[in-house]
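Just so it is clear, the values below take in all heavy atoms, side chains as well, and ignore hydrogens, waters and symmetry mates.
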Number of protein chains: 2
Amino acid sequence: MKLSTKGRYGLRAVLDMALYENEGPITLNSIAERQGISEGYLEQLMVPLKRAGLVKSVRGAQGGYILAKEPKNITVGEVIRALEGPIAPVACVSEDYPEECERAEGCVTRMVWEKVRDSIAEVLDSFTLEDLVQESRKYTSQNSYMYYI
Amino acid sequence: MKLSTKGRYGLRAVLDMALYENEGPITLNSIAERQGISEGYLEQLMVPLKRAGLVKSVRGAQGGYILAKEPKNITVGEVIRALEGPIAPVACVSEDYPEECERAEGCVTRMVWEKVRDSIAEVLDSFTLEDLVQESRKYTSQNSYMYYI
DNA sequence: CTAATTCCTATTAAAATAATAGGATTTAAT
DNA sequence: ATTAAATCCTATTATTTTAATAGGAATTAG
């Protein structure tokens with residue numbers, strides 16, 4: 001029941017982008033440095049984030065990545081789903097295409113997993129990047145450039 | 001964010017035991033057949049379940065496994081924790097010994113993971129084996145020996 | 001033109017998961 | 001006592017997923 005680094009790193013990356021939003025395109029290199037994540041790995045995470053319409057890339061020198069929507073319109077749930085796939089504690093109750101199961105009819109554990117799925121989704125969908133940015137600024141003194149994530 | 005087969009098979013196994021509780025010790029062989037799970041793998045799952053005080057074994061011929069407590073006193077949460085470890089969407093918010101993290105102080109994603117952890121725990125702890133047994137009997141006609149899990 | 005950057009494909013390393021194998025030990029039943 | 005049915009125990013292997021690395025192609029600001 002653990003998130004992989006895809007989801008964790010990916011959320012930190014987009015949150016980093018939200019924090020430095022006014023500085024133009026953010027390079028993977030700078031995110032990687034601030035967050036202590038391998039740049040090559042971050043690169044792989046950007047593919048699904050772009051596909052999900054959460055970030056946009058700017059190629060060439062002075063390029064980088066920017067958020068495709070305002071932080072207040074990006075939920076943690078969207079980011080996690082983009083990177084980890086639909087929320088599904090077990091495959092047969094996946095949010096989008098639940099896997100068929102012979103035992104499905106009358107399966108009683110399924111209702112447990114459905115509730116787990118919904119409660120996870122509810123929490124993840126209740127936070128926007130903006131919420132986290134604001135929370136982060138609380139911890140950050142006026143002059144500090146250190147943001148915690 | 002998926003449960004492994006440990007948790008899924010293990011829950012089905014103890015639920016199977018709850019359903020056939022009045023028939024004395026249940027052999028792994030019979031659970032394996034009914035549930036379509038490899039007997040050898042089930043054997044491995046019994047170790048943590050015993051250690052957690054959820055099942056007891058009876059050795060020798062006519063032996064098998066029995067629940068160590070009444071079904072109404074065993075929650076799905078206990079079973080899952082026994083098999084998958086403490087609930088923890090990420091290691092730094094694990095239910096028992098959260099992993100240290102340099103970024104912990106002022107980390108804003110952590111509060112998301114804490115809420116996710118708590119909401120999962122709440123759902124899992126809200127179901128007892130008895131709840132599931134009763135649900136299962138709803139689907140089972142009086143004369144049928146087929147129980148759905 | 002050059003340097004900085006994303007883009008793309010492939011490969012590899014490491015870890016976790018799932019399953020299998022084979023024998024030792026215990027015990028009810030005969 | 002013997003036997004058969006069962007748990008117990010240790011080790012190994014196969015498979016899958018996760019995480020990371022490598023190297024070069026394409027794009028673009030200056």
Using a 4.5 Å cut-off on heavy atoms from C-beta on, say whether the side chain of B:Ile66 contacts that of B:Pro25. yes
Hey, does the side chain of B:Tyr41 come within less than 4.0 Å of C:dA18's phosphate (OP1/OP2), counting only N and O? yes
Does D:dA19 have OP1 or OP2 sitting under 4.0 Å from an N or O in the side chain of A:Ser4? yes
If every non-hydrogen atom of B:Ala121 is compared with every non-hydrogen atom of B:Glu95, which pair is closest and at what distance? CB-OE2, 3.7 Å
When you measure from the side chain of B:Glu84 to the backbone of B:Gly7, do you find a donor-acceptor pair of N or O atoms at a distance under 3.5 Å? yes
Just N and O in the side chain of B:Lys6: are any of them under 4.0 Å from OP1 or OP2 of C:dT17? yes
Would you tabulate the pairs of protein nitrogen or oxygen atoms and nucleotide nitrogen or oxygen atoms of nucleotides 22-27 of chain D closer than 3.5 angstrom?
{"residue": "D:dA26", "atom": "N3", "partner": "A:Arg59", "partner atom": "NH2", "Å": "3.2"}

Looking at A:Lys50, I'd like to know whether one of its side-chain N or O atoms comes within less than 4.0 Å of OP1 or OP2 on C:dC7. yes
To the nearest Å, give me how far apart CG (A:Asn29) and C1' (C:dA4) are. 10 Å
Under 4.0 angstrom between A:Ser57 side-chain N/O and C:dC7 OP1 or OP2: yes
For a quick test of reading the model: is some side-chain N or O of A:Tyr65 closer than 4.0 Å to OP1 or OP2 of C:dC7? yes
Nearest heavy-atom approach of B:Ala18 to B:Pro71 is CB-CG, 4.2 Å
Please state whether the phosphate of C:dA18, meaning OP1 or OP2, lies under 4.0 angstrom from any side-chain nitrogen or oxygen of B:Thr5. yes
If you round to the nearest 0.5 Å, how far is CG of B:Asp16 from CG of B:Leu129? 11.0 Å
For a quick check of understanding: with a heavy-atom distance under 4.0 Å over all strands, which category does A:Val58 fall into, base, sugar-phosphate or nothing? sugar-phosphate
Would A:Asp96 and A:Arg81 pass as an ion pair if we require N to O under 4.0 Å? no
